[in-house]
**Q** 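Sharing a structure below in structure tokens format, with a few things to ask.
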Amino acid sequence: MKSSTADFYDRVYNVVAEIPYGKVTSYGAIAGYLGVKSGARMVGYALNNYQTEELGFEIPAHRVLNRLGQLTGRAYFEGDSMRERLTQEGVTFSEEYTVDMEKHFWDPSILDN
DNA sequence: GCCTTGACGTTAG
DNA sequence: ACTAACGCCAAGG
């Protein structure tokens, strides 16, 4: 099978779409799950590309944070919609723009189980 | 076709 | 413990 970049993006969207309500994960976790350990930046790039392309179904990109739980992509959302959505889902913040991922972290690996 | 930038992560100082 | 730099891969200029 041929591994193209579009494939990688598609898998990113698929994984992100599986993130449960009130849970969050990191770019690195997704990249690692997809087998591209050093592709954390590509995950974020994929999400950015998704917003512009818009494939037809929405994905909870606001539940994807960096490994520190910081909402690094909040600038790409309207105002504080990212933080507001997470708060609305019951996600707690250790700081204004830092999620307490110790309690809400979701590991993509559970998809294999 | 080369150089810069970027929703990250790890290692070195 | 904190800050700086490098590595990673893809896209745009």
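So that the names make sense, note that chain A is the first sequence line, chain B the second, and so on, each numbered from 1. When reading the values below, keep in mind they use all heavy atoms of this one structure, side chains included, and skip hydrogens, waters and symmetry mates.
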**Q** Minimum heavy-atom separation for Gly39(A) and Ala31(A), please, with both atom names.
**A** C-CB, 3.6 Å

**Q** Tell me the side chain to side chain donor-acceptor pair (under 3.5 Å) pairs involving residues 15-37 of chain A, sequence neighbours left out?
**A** Tyr33(A)-Asp112(A)

**Q** Scan nucleotides 7-13 of chain C nucleotide by nucleotide, 5' to 3', and note B when protein non-hydrogen atoms come under 4.0 Å of the base, S if they reach only the sugar-phosphate, - if neither.
**A** BBBSS--

**Q** Can you say whether the rings of Tyr9(A) and Tyr45(A) are parallel (under 30°), tilted (30 to 60°) or perpendicular (over 60°)?
**A** parallel

**Q** Between Tyr27(A) (OH) and dG6(B) (P), how many Å, whole number?
**A** 15 Å

**Q** Any side-chain heavy atom of Thr98(A) within less than 4.5 Å of one from Leu68(A)?
**A** no

**Q** Of Asn48(A), Val15(A), Val16(A), Ile30(A), which is the lone residue that meets side-chain contact (heavy atoms from CB on, under 4.5 Å) with Val43(A)?
**A** Ile30(A)

**Q** Send over the distance from Ile30(A) CD1 to dC8(B) P, rounded to a whole Å.
**A** 12 Å

**Q** May I ask you to test the Arg63(A)-His104(A) pair for a side-chain heavy-atom distance under 4.5 Å?
**A** no

**Q** Pick one: which of Glu84(A), Arg83(A), Met82(A) meets side-chain contact (heavy atoms from CB on, under 4.5 Å) with His62(A)?
**A** Met82(A)

**Q** If you define the side chain from C-beta out and look only at heavy atoms, does anything of Leu34(A) sit under 4.5 Å from Val12(A)?
**A** yes

**Q** Within this structure, what is the CG-to-P distance between Leu34(A) and dC8(B), rounded to whole angstrom?
**A** 16 Å

**Q** Please give me every residue in residues 93-100 of chain A whose heavy atoms get under 4.0 Å of an atom in DNA chain B, ordered by residue number.
**A** none

